[in-house]
Amino acid sequence: MFDWTIREEGYAEENVSLLGNRYLIGNGYMGIRGTLEEYEADKLPAINLAGIYDRAGDGWREPVNAPNGCFSYLRVDGEIYRLPDKTPLSHGIELDYRYGIFKRRTTWRTARGNITLVTQRFASMHKVNAIGMRISVSADFHADVELVTGIDCKVWDLNGPHLEHVRMGEKEENLLVQADTHEQGIEIAVAETVFMHYPMEMKQTVKDGKTIHRIFFITKPGETYITDKWIGIYTGKECESPAEQALACVMEMREGGYERAMRVHKKCWDELWKHSEVTVKGDGAAMEALNYSLYHLHSIAPRHSENLSIPARGLSGQTYKGAVFWDTEMFMLDFFLMTDPGTAKTLMKYRIDTLAGAKEKAAQYGLDGAFYAWESQEGGYDACTDYNVTDVFTGRPMRTYFKDKQVHISAAVVYGLFRYAEWTGDESLLDENGVRTVVECARFYYSLLLHRLTKDCFEIHDVIGPDEYHERVNNNGYTNRMAKYTLEKAAEELEKAEAKGTLPGEYDKDELILKFREGAEKLYLPKPEKDNPHKGVIEQFDGYFAMEDVSVEEVRNRLLHEKEYWGGANGVASHTQIIKQADVVTWLNLFSEEYTKEVLKVNWEFYEPRTEHGSSLSAGMYAMLACKIGEPDKAYPFFLKSAMADLKGGGKEWAGLVYIGGTHPAAAGAAYMTAVEGFAGIAVKEGRLVCNPSLPSNIQEMRFHVFYRGQEYEVTVCGEKGQITAL
Ligand code: IFM
């Protein structure tokens with residue numbers, strides 16, 4: 001029976017970070033790590049706020065964690081009971097991922113009897129500024145209990161502290177914290193209110209960086225003492241007076257009551273699942289992992305906003321500076337296009353709105369057009385630094401070129417925009433600013449083209465492709481193909497825009513079309529090799545085949561330190577054929593119709609054993625290409641790996657000495673694409689939705705809904721048969 005719940009029994013200190021990710025809840029406005037209420041900053045609790053960034057001193061600019069309003073613990077007969085200090089008789093946590101409800105249950109043996117603490121919390125999908133918590137205490141004796149619950153202002157930060165002028169206090173019976181971010185002085189306000197279903201005494205105290213309620217009561221054996229707690233969070237980015245709003249929010253939530261708030265919250269989730277649940281018959285593990293992945297995507301979708309996108313680590317913390325990467329367009333977008341097109345639009349609008357930042361970045365490099373941020377924060381600011389990895393041996397920052405050389409990012413934006421327009425039929429994003437975005441990206445690639453005097457083609461040199469272990473290479477096939485795509489699309493769009501009357505006045509259409517078409521036509525693309533030993537294989541970049549051909553295992557054995565970085569100038573993989581993640585395979589997956597199945601297969605088989613899969617993005621691309629080759633059973637383990645990226649964990653947590661742990665929404669998105677587009681074979685042919693299933697042997701049947709061009713369809717796939725019904 002599929003119960004939409006994951007559980008963990010017992011307490012293991014070493015899993016604190018992992019479980020924080022696995023048990024994350026969120027509503028797009030905030031992500032709340034799956035940590036215990038009593039945890040302080042050293043155990044990585046976080047209420048991570050979407051789109052609020054700050055830079056403290058010389059540290060990396062990263063998203064802000066709000067003061068921890070979930071903070072709580074118990075004192076029983078004068079003694080503190082909290083984990084890990086007091087060993088419990090039993091302890092467990094669970095996540096209902098149908099509804100984003102986190103629960104914990106802990107029983108301790110005290111000198112006079114047993115006491116049990118049960119908590120439940122949810123980030124309201126209905127009122128995104130609110131967190132609801134229910135704290136239940138029961139004992140088998142007359143325990144003298146003090147429930148301590150409040151707001152902890154000492155937050156976990158990677159590069160903090162971000163909060164200044166922290167003001168802790170109370171307003172009537174409610175707690176209130178106000179603080180300002182360091183860089184821009186954005187006010188963050190967190191309010192808390194409690195409602196007790198039992199007689200008690202209550203005090204309020206400010207102590208040790210926390211403002212707390214102390215609630216005193218004596219238990220009767222067998223009775224449960226329930227406290228409802230509401231946390232409201234507002235920032236100066238969304239309103240004039242965040243403190244007032246946060247207080248009003250918690251009062252309103254308390255007034256409405258916990259049960260009602262929970263009902264409305266669940267209704268919102270039911271509505272999301274109505275369009276997105278994927279039923280898988282014959283394979284419970286696949287169904288669980290897939291829907292759990294979709295849960296994560298829903299939890300971080302910025303539905304409350306019109307100009308936010310999704311960071312590479314979702315809302316699970318400050319890793320990767322809370323920045324938006326190509327992950328969104330190339331891995332997550334399809335899920336939203338097919339289940340929640342409104343969110344897909346928001347994601348793409350974010351890119352149009354950040355065009356100015358991309359143009360500024362191109363200009364900084366002496367290039368034309370728009371070079372999107374590799375790690376995009378608000379306004380398109382590139383948070384990627386020159387030194388993104390710290391060397392484990394010297395402790396020194398290592399120069400990496402992700403920001404300067406991963407030029408394929410601009411093409412991902414263009415790809416996303418057209419994917420949006422083609423899938424939804426909504427051309428509104430391709431208004432003047434949308435056209436500008438596409439044209440500026442094309443101008444960027446045009447300005448990168450090099451013309452050797454001895455060759456009648458253009459080349460692109462000195463780039464990093466998706467495989468980040470080989471930096472500053474020439475003619476990375478993926479990059480060149482995506483640049484060609486952008487140039488072609490821009491030329492087409494210029495024609496269309498003129499006809500539609502959306503052509504921005506600053507462009508000389510005919511001149512640009514001529515240039516873009518010539519650029520696209522003459523851009524060099526490596527071809528499948530004709531002769532052995534690499535017959536059919538496409539060389540990832542100039543000179544790749546000449547690099548040392550060695551196994552992933554052998555390269556791993558050469559590591560002198562478990563956290564050593566594999567890439568960079570002298571990494572263990574840098575001068576070998578070992579690649580970090582799908583590269584040529586990503587290209588072939590996107591443009592599979594341009595090659596024979598044989599070529600697709602030869603490349604899959606050549607590159608897979610040479611891929612470390614050091615990025616969670618990698619497996620999904622291999623899974624999808626395997627489906628296109630017609631080998632779903634080969635795709636299956638890669639699909640499961642993607643779908644289980646957060647359920648199982650085990651992904652890389654370190655790049656050198658830099659922490660990169662967190663959730664993996666791109667892998668979640670890739671799992672969705674593999675299931676729906678790969679196994680079920682959903683695609684568009686001549687403007688119509690078609691279904692061409694190729695199920696792996698252990699999946700008997702799949703059912704799901706998809707939106708296409710404003711119409712919702714139900715899809716049922718069984719064996720080789722697929723049925724699409726308009727709803
Ligand atoms: O965008 C990816 C990149 O391709 C590999 N390193 C991690 C980034 C964020 O997920």
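All ligand and atom numbering here is 1-based and tracks the order in the structure. Atom set for the values below is all heavy atoms of this structure, side chains included, hydrogens, waters and symmetry mates excluded.
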Novice: Do we get Arg472 above Tyr401's six-membered ring, with its NZ or CZ under 6.0 Å from the centre and within 45° of the axis?
Specialist: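 Positive - Arg472 is close enough to the ring of Tyr401 and near enough to its axis.
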Novice: Flag this pair as yes if the NZ/CZ of Lys634 is under 6.0 angstrom from the six-membered ring centre of Trp604 and inside a 45 degree cone about the axis; otherwise no.
Specialist: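 The answer is yes; both the distance and angle limits are met.
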Novice: Which protein non-hydrogen atom lies closest to atom 3 (C) of ligand 1, naming both residue and atom, and how far is it?
Specialist: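 Here the closest protein heavy atom is Glu468 OE2, 3.5 Å.
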Novice: Below 6.0 angstrom between ring centroids: does that apply to Trp326 and Tyr372?
Specialist: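 Ring-ring flag for Trp326/Tyr372: false, centres at least 6.0 Å apart.
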Novice: Output the list of atoms in ligand 1 that are nearer than 4.0 Å to some heavy atom of Phe325, sorted by atom number.
Specialist: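 So the atoms of ligand 1 that pass are 1 (O), 8 (C), 9 (C).
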Novice: Can you sort out which atoms of ligand 1 are near Lys580, meaning under 4.0 Å from one of its heavy atoms?
Specialist: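 Reading through ligand 1 atom by atom, the close ones are 5 (C), 6 (N).
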Novice: Touching ligand 1 at all, His664? Heavy atoms, strictly under 4.0 Å?
Specialist: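 Flag not set, His664 not near ligand 1.
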Novice: So Tyr469 and Trp566, would you call those rings parallel, tilted or perpendicular, with 30° and 60° as cut-offs?
Specialist: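 Answer is parallel, since the angle falls under 30°.
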Novice: Does Lys403 make a cation-pi contact with Trp374 (under 6.0 Å, within 45 degrees of the axis)?
Specialist: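 No cation-pi geometry.
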Novice: Any idea which atoms of ligand 1 are less than 4.0 Å away from a heavy-atom of Ala312?
Specialist: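 Those atoms are 9 (C), 10 (O).
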Novice: Hey, is CG on Asn570 packed in by over 12 heavy atoms from elsewhere, all under 6.0 Å?
Specialist: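 Incorrect, the count does not exceed 12.
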Novice: Which ligand 1 atoms are under 4.0 Å away from a heavy-atom of Leu617?
Specialist: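 Ligand 1 atoms under the 4.0 Å threshold to Leu617: 1 (O), 2 (C), 4 (O), 10 (O).
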Novice: Any nitrogen or oxygen of Trp326, main chain or side chain, under 3.5 Å from a nitrogen or oxygen of ligand 1?
Specialist: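 N/O-N/O distance under 3.5 Å: yes.
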Novice: Looking only at atom types and distance, does a side-chain atom of Thr486 sit under 3.5 Å from a main-chain N or O of Ala411, one as donor and one as acceptor?
Specialist: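 Between the backbone of Ala411 and the side chain of Thr486 there is no qualifying donor-acceptor contact (under 3.5 Å).
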Novice: What atoms of ligand 1 come within less than 4.0 Å of a heavy atom belonging to Asp327?
Specialist: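 Close to Asp327: 1 (O), 2 (C), 9 (C), 10 (O).
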Novice: Would one find an N or O of Gln581, backbone or side chain, under 3.5 Å from an N or O of ligand 1?
Specialist: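 There is such a contact, yes.
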